[in-house]
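Everything on this sheet refers to the single structure shown next.
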2 protein chains.
Amino acid sequence: MSTELFYVVKYRTRQRDAVLRVVTEEGKPLSAQKIIERADQLCPGIGAATVFRTLKQAVESGEVSKVELPGLAPHYEIATADHHHFFVCENCHELQPLEGCLDDLSKLLPIGSRMKHHEIVIFGECSNCLER
Amino acid sequence: MSTELFYVVKYRTRQRDAVLRVVTEEGKPLSAQKIIERADQLCPGIGAATVFRTLKQAVESGEVSKVELPGLAPHYEIATADHHHFFVCENCHELQPLEGCLDDLSKLLPIGSRMKHHEIVIFGECSNCLER
DNA sequence: ATGGGTGCAAATTGTTTGCATTTTA
DNA sequence: TAAAATGCAAACAATTTGCACCCAT
C-alpha cells in the first residue's frame, strides 16, 4: 500500500519534475530544445508543451532564470543569487558562467537615461574546442 | 526617350534601394519588421521576402551590420568602422548607440578560452520615456 | 465530480525558399 | 534573350494555445 501511494505521488509530478531536474543538474543554461531532448530521455513521451509550460511557470515563480543572449534562443538555468554573465563558445555553442563583473558601465550611459540592468557577453572558443 | 530611360533605370532599383535607404536614414538599428513597414511606405507593395533578401545580401557584402541583442529580434544598421554597443529602452524598445567601451573584459575570461569579440548591452529607460 | 496536469494538434510569429513572372541589360 | 529582381504562397522552426482527457483528491 505505501509503495503504491509513493508511486502515485511520483506519477503526479513526474513530468514537471523531470524538467526542473534537467535544468538543475546541468549547472549552466540550456536551450528549450536541449531541455526537451533531455527531459524526454528521463520521461519518454513528454510533450514539448509541458516543458514550455513548466519553464514558464518556473521562471514566473523565480525558481528558474531565463537567460537571453544575442543571437541565441533563450536559455534556462536554476536561479542563483549572484550576478553573473556568460561566455559563449561560437564553435560548440555551450555557455559558461563568468565570475565577476565590470562596475563602471554607467560611464557609457546616454545622458538623461536610467540604467536598470545590463548584459555582458564574451564570444570566442572554449578550452574544450581549442584543444582539438 | 531620355526621360523614359531614366524612369526605367530608377524602376530597376526601387525596391532594394528603398530598403537600404530606410536603414541608412534611421541612424540606429531597426528590426526587420520596422524596416518592412517603412520600406512599404516608400515603395508600396514591396514584399517582405525582398526586404529580407536585400538585408541578407547587404550584410554579406558588409554594407549593413546585423545587430543581435538579448531578447530582441535582430536589428540592422548601416555598417560603421567604429566599435560600439547599445542602450535598449525597455519601455519603447528603441536602441541608442553608445560611445566608448570597456577594455578590461579579458579579466572575466575563463581559463584556456580565447575571446573573439564581446557584447555589452545596457537596459533601462531612455530620456524620452522618462520625461513623461 | 472537480480541478490541475498532460499530450496532441492547430495557431502564431518571424523568416526563408521555390517558382513563375517581370524587368533589365 | 539570358540574368537578376520581385511577389506570392508554401515551407519552416520555435513557441503558444485550445481542447479533450486522464488521474488524484
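Naming convention: chains lettered A, B, ... in sequence-line order (proteins, then strands); numbering from 1 in each chain.
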Side chain of A/Ala49: nearest nucleotide among D/dT17, D/dT15, C/dT17?
D/dT17

Does B/Thr50 have a side-chain nitrogen or oxygen under 4.0 Å from the phosphate oxygens OP1 or OP2 of D/dG7?
yes

Aromatic contact between A/His118 and A/His83, with the criterion being ring centroids under 6.0 Å apart: yes or no?
yes

Spacing of B/Leu55 atom CG relative to D/dT6 atom P, expressed in whole Å:
12 Å

In whole angstroms, the gap separating C1' of C/dT16 from CD of B/Glu60 amounts to 13 Å

Rounded interatomic separation in angstrom, taking CD from B/Gln33 and C1' from C/dT16:
13 Å

Within a strict 4.5 Å, meaning less than it, do heavy atoms of the A/Pro29 and A/Phe86 side chains meet?
yes

Answer with yes or no whether the hydrophobic clustering places B/Leu95 together with B/Ile122; edges join I, L, V, M, F, W, Y residues whose side-chain heavy atoms lie under 4.5 Å apart.
no

Hydrophobic cluster membership, A/Val67 vs A/Phe87, 4.5 Å side-chain cutoff
no

Have a look at the helix from C/dA1-D/dT25 to C/dA25-D/dT1 and give the angle its two end axes make, five pairs each, rounded to 10 degrees.
0°

Considering only NZ, NE, NH1 and NH2 on the basic side and carboxylate oxygens on the acidic side, decide whether B/Lys28 and B/Glu77 come within less than 4.0 Å.
no

Can you tell me how far CG of A/Leu69 sits from CD1 of A/Ile120, rounded to the nearest 0.5 angstrom?
12.0 Å

Rounded to whole angstroms, how far apart are CD1 on A/Ile46 and P on D/dC22?
19 Å

Can you identify which nucleotide, out of C/dT15, D/dG7, C/dT17, has its nearest atom closest to the B/Ala32 side chain?
C/dT15

Distance check needed: C/dT6 P versus A/Asp40 CG, whole Å only.
14 Å

Salt bridge flag under 4.0 Å for residues B/Arg38 and B/Glu26
yes

Checking contacts here: which listed nucleotide (D/dG7, C/dG7, D/dA5) is nearest the side-chain heavy atoms of B/Arg16?
D/dA5

Nearest-nucleotide 5' precedence on DNA chain C, B/Arg53 against B/Ala73
B/Ala73

When you measure from the side chain of B/Thr24 to the backbone of B/Leu20, do you find a donor-acceptor pair of N or O atoms at a distance under 3.5 Å?
yes

B/Lys34 NZ to C/dT15 C1', straight-line distance once rounded to whole Å
18 Å

Heavy atoms from C-beta onward define the side chain here; which of D/dT6, C/dG7, D/dT15 lies closest to that of A/Phe52?
D/dT15

Whole-Å distance between D/dA5 C1' and B/Gln15 CD?
8 Å

Atom CD1 of B/Ile36 to atom P of D/dC8: distance rounded to whole Å?
13 Å

Can you list the steps and then say if A/Val19 with A/Ile46 is a side chain to side chain contact (heavy atoms under 4.5 Å, CB included)?
CA-CA 10 Å; A/Val19 174; A/Ile46 189 172; 4.1 Å; yes

Those residues of residues 62-72 of chain B lying under 4.0 Å from DNA chain D by at least one heavy atom:
none

